[in-house]
Every structure is written in C-alpha cells, then in structure tokens.
Amino acid sequence: MSFSQKILKWYSEHKRELPWRSTNDPYKIWLSEIMLQQTRVAQGTPYYHKFLKAFATVYDLANAEEEQVLKLWQGLGYYSRARNLHATAKIVVEEYKGKFPTTYRELKSLKGVGDYTASAIASICFNEPEPVVDGNVYRVLARYFGVDLPINSTKGIKYFKELAREVMDANNIRDYNQGIMEFGAIQCAPKKPYCLLCPLNNSCVALQENKVSALPVKLNKTKVKNRFFNYLVFQDDTGKTMLEQRKGRGIWQNLYQFPLLESERILDKSEIKALIKHQKGIPKHNSTLLYNEQPIVHKLSHQHLYTKFWILNTEDALKDGVSWENISSFPVPVLIADFIKTYKI
DNA sequence: AAGGCGGGGAC
DNA sequence: GTCCCAGCCTT
C-alpha cells in the first residue's frame, strides 16, 4: 500500500466528526480555515458556531460593522484575521456576486488566504488537486521521509510543498488532505507520538533512524520583548469611563482599551503622576489609585506586557464617556477583558 | 529572509 | 518555563 493509501485508510478509521466536516460550502470551509490558522480545533470551534449564528451567509458578514466582527473574534487572537475576513467577505459579495472563487489561484488572491488556506478551500470544496502543507503536514513528511530541511526556510517551504504534491492522492484530494492533517494532529503528534501502533511505522525514516523527536527541524527563536503598560481607568460621577481605539501597526489593531501610557520600566505612583502631568488631554482628576500592586504580566508570543491599572476619579463628567454597562459591546484584548471582569466584582 | 502578530493548552 | 497550534502579511 502506498503512503497516500495508508493515510486514507487511517483517516477513514480515525477521523473526528468536526462541525465543518459535514459541508462543502466554501463560506463555511473558508471561515473554519481562517479561524484555525495557528489555532487549535478546541479553541476555534466555539467561534465557528458563534460566527455562523451571527452571520449565516457571506452577505451577512459583508454587511456587518468591523467592530461587531472584532467583538465576536475577541479572545481568538491574531486580529488581522478578523479584519481580513471582513474585507474578503465584502470582496466576495461585490466582485464575485457572493460566490467564492473556485480555483487555488483566485482563492489565494483573497486577503488572509495564503498558500495553505487556498489549497485547503480549493481541494475540500472544489476537488482541485492541490496539496495542503500546514504544521501537521510538515511534521508527517519530515519524519516519514527523514527530511531535515528547516520547515521555515525558503528552501524548506518549497521542498515540502513539492514533496507533498508528489505523494498526494490527486483522485481523493478532499479526503487525503484532511487525512494527512488529521494524521499529524492525532497519530504523528509533536511530542511522544505512539509509533508502536502507527500504520507507517515499518517505513518511517525518522523512526528507523531514531530521529522522531528531532524532526521536523525549525529555525528561528522568537525573542521576547518586554513592554510596560500603564492603563488609566477614569471614573466620573455618572459611572462612566474612557476608552480609546488602538490605531497604527502594532498589536490589537482597531481594538479598544483604556487610555494607555507606555513607559520604559515599571513606574510607581509618583512617577506615573509626573508622567501624566506632561501629557496633553488627560482629564482633570482628584485621585490616583493603583489597582494592582504587582504588575499583571500578559504574555504574547513575542511580547511580555507588564501592566498596571491606575484608577483616576474625575469631578467633571467625562467627555465621550462609556458607561460600564456598555463597555462589554466594545472589542477589547483579553488583558482588558480580564481586568473589567475582576474590577466589576 | 526576517520579523510581527494572540491566546491557550499540553508537558 | 517550552513548544506549537488546519499561517499570513509586511518590510
């Protein structure tokens, strides 16, 4: 039996019932694929249901406000996915009359749809024989064929895509692509795969050469940057606070937060008061209270955010204030959502 | 070619 | 703590 036949057989015996496995509707497949980029099935699944409930069709998504899309996406991370999702929905409605394009090449031109996602949609929805290469496929191919090219190098990316094309089953691409990914996720897992009862164990190079734990090879150590956030939580007598929308190119683009003063290190109360003094447009306030003595460390994959929340009471009613009842309608980062949750108690 | 971009679960 | 998840985009 060939490699692809063994994958297909394993898949037929072990496939999970997942919500997007019961449809070939490109809208639903596209939605699931965007959500599952760098995201585990268990984390993405509730969002998939939420989105389909809110936006039954691509028209509903295209007609929504970006703020509503971001609000539903809140907590899933990589928010450019949500912004691109919304932009692509508009493109599909306006330029494709609401019908998704049906080829790999056209799909890949959509915002947020790269090589992997275009291959996934083209193969699953339209049976186009294009191999998917995601993190699971890299692992399966690197181990089975004993390839030690780094999976995140230019040469490696090209090599694995070509290898994937050579070994795929073009006649069963829909099941084969999902099968090899499922095989990587369940059987050929990153740590401690159970090679003893693997259907490929008599021909797996990595297993024969005792290199299973060493493959795949991945370069690149993401260095973590430390940042120091001081959030100013205003409170006026009418029970309102202030929010601002993050603009520019960094993290959490277009999400909301309390007014932020970033510093080069952790600040104490006298230092933050001095810093506020030199800022323009800070409302007058008569008290400055530190909410959390120990900075909250919010960890992103590439940044550690040491965060202090300062409670500032104002005498005058805040201009453009947001009531604490309405605050939950704004899309906010998990760091802010967690604060709001504990602060209200 | 390299770096930015989230959050969470498994170990 | 480390690794990595149905990756993509910008520079």
Side-chain angles (χ1 to χ4, degrees), chain A residues 11 15-16 18-21 28-48 70 73-85 87-88 107-121 123-124 131-140 150-158 160-161 164 174 176-186 188-193 213-214 216-225 227 246 248-255 297-305 331-338:
Chain A
Y11 184 55
K15 70 180 283 191
R16 292 171 290 180
L18 300 176
W20 44 88
R21 287 256 164 87
K28 294 179 180 175
I29 299 298
W30 164 69
L31 181 63
S32 73
E33 293 297 345
I34 301 298
M35 286 182 167
L36 293 176
Q37 289 169 2
Q38 293 292 286
T39 304
R40 291 173 191 282
V41 166
Q43 188 185 6
T45 299
Y47 288 84
Y48 176 78
L70 285 172
W73 199 272
Q74 179 179 313
L76 199 54
Y78 286 151
Y79 297 93
S80 65
R81 292 185 293 172
R83 299 191 300 269
N84 287 334
L85 186 83
T88 287
L107 287 163
K108 195 173 176 308
S109 72
L110 301 172
K111 282 188 179 179
V113 178
D115 186 286
Y116 162 75
T117 304
S119 303
I121 300 172
S123 62
I124 295 171
V132 293
V133 184
D134 74 335
N136 294 308
V137 176
Y138 278 123
R139 185 168 54 255
V140 173
I151 61 172
N152 53 345
S153 66
T154 302
K155 287 175 68 175
I157 291 167
K158 190 175 178 204
F160 279 102
K161 177 81 179 184
R174 180 176 281 148
Y176 170 79
N177 271 347
Q178 295 181 82
I180 190 171
M181 289 192 283
E182 188 88 333
F183 181 81
I186 306 294
C188 194
K191 291 166 187 172
K192 297 187 176 177
S213 64
V217 174
K218 192 173 181 179
L219 298 177
N220 160 31
K221 297 296 169 205
T222 57
K223 42 183 179 280
V224 175
K225 182 181 175 189
R227 301 176 70 181
R246 289 187 67 94
R249 304 202 63 64
I251 57 174
W252 302 333
Q253 193 181 352
N254 291 6
L255 273 65
V297 187
H298 188 76
K299 295 181 177 180
L300 309 179
S301 52
H302 56 301
Q303 298 181 16
H304 287 183
L305 310 176
V332 297
V334 166
L335 173 62
I336 301 297
D338 285 349

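Model, not experiment: these values are computed from the prediction. Chain naming here is simple, since letters A, B, ... match the order of the sequence lines and numbering starts at 1 in each.
Among the protein residues, A:Asp115 comes within range of the sugar-phosphate backbone only, with heavy atoms under 4.0 Å from sugar or phosphate atoms but none that close to a base. Counting any heavy atom pair closer than 4.0 Å across all strands shown, A:Ser153 reaches no nucleic acid atom. Heavy atoms of A:Arg139 sit under 4.0 angstrom from primed sugar atoms or phosphate atoms, though from no base atom. Note on A:Trp73: nothing from the nucleic acid sits closer than 4.0 angstrom, heavy atoms only.
To the nearest 0.5 Å, the span separating CD1 on A:Ile34 from OH on A:Tyr78 amounts to 14.5 Å.
Using a 3.5 Å distance cut-off with no hydrogens or angles, the side chains of A:Gln38 and A:Arg81 do not pair a donor with an acceptor. If you check the side chains of A:Gln253 and A:Arg83, you find a donor sitting under 3.5 Å from an acceptor.
Note: OH (A:Tyr11) to P (C:dA6) measures 13 Å, nearest angstrom. The separation between A:Asp134 atom CG and C:dC5 atom C1' is 9 Å, rounded to whole Å. Between the NE2 atom of A:His304 and the C1' atom of C:dT2 there is a distance of 11 Å, given to the nearest Å. Between the P atom of B:dG4 and the CD atom of A:Gln303 lies a distance of 8 Å, rounded to the nearest Å. Atom P of nucleotide C:dC8 and atom CG of A:Leu85 are separated by 13 Å, given to the nearest angstrom. Atoms CG (A:Leu219) and P (C:dC4) sit 12 Å apart, rounded to a whole Å. Distance A:Ile29 CD1 to C:dA6 C1': 11 Å, rounded to the nearest Å. Distance, A:Leu31 CG to C:dA6 C1': 13 Å, rounded to whole Å.
Separating the P atom of C:dC9 from that of B:dG8 is a span of 24 Å, rounded to the nearest Å. The separation of C:dA6 from B:dG3, taken at their P atoms, amounts to 25 Å, rounded to a whole angstrom. Separation of the C1' atoms belonging to B:dG7 and C:dT10 is 22 Å when rounded to the nearest angstrom. The gap from the P atom of B:dG6 to that of C:dT11 amounts to 16 Å, rounded to the nearest Å.
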Protein-to-nucleotide contact annotation, 5' to 3' order, nucleotides 6-11 of chain B [B base; S sugar-phosphate only; - none; under 4.0 Å, heavy atom]: BBBB--
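Residues A:Trp20 and A:Thr45 form a side-chain contact, since some pair of their non-hydrogen atoms from C-beta on lies under 4.5 Å apart. Residues A:Met181 and A:Tyr116 are in side-chain contact: their nearest non-hydrogen atoms beyond the backbone lie under 4.5 Å apart. A 4.5 Å side-chain heavy-atom check between A:Val133 and A:Asp115 finds every atom pair outside the cut-off.
Formation of a donor-acceptor pair under 3.5 Å by the A:Lys28 side chain with backbone atoms of A:Tyr48 is not found in this model. When atom types are taken as modelled, the side chain of A:Glu182 and the backbone of A:Arg16 share a donor-acceptor pair closer than 3.5 angstrom. Side chain of A:Tyr47 to backbone of A:Gln74: a donor-acceptor contact under 3.5 angstrom is found.
Between A:Arg227 and A:Lys155, the residue anchored closer to the 5' end of DNA chain B is A:Lys155, taking for each the nucleotide with the nearest heavy atom.
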Report each atom pair, protein N/O against N/O of nucleotides 9-11 of chain C, whose distance is under 3.5 angstrom.
| unit_1 | atom_1 | unit_2 | atom_2 | d |
| --- | --- | --- | --- | --- |
| C:dC9 | OP1 | A:Gly112 | N | 2.6 |

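Open room surrounds NZ on A:Lys111; 12 or fewer heavy atoms of other groups in view lie less than 6.0 Å from it.
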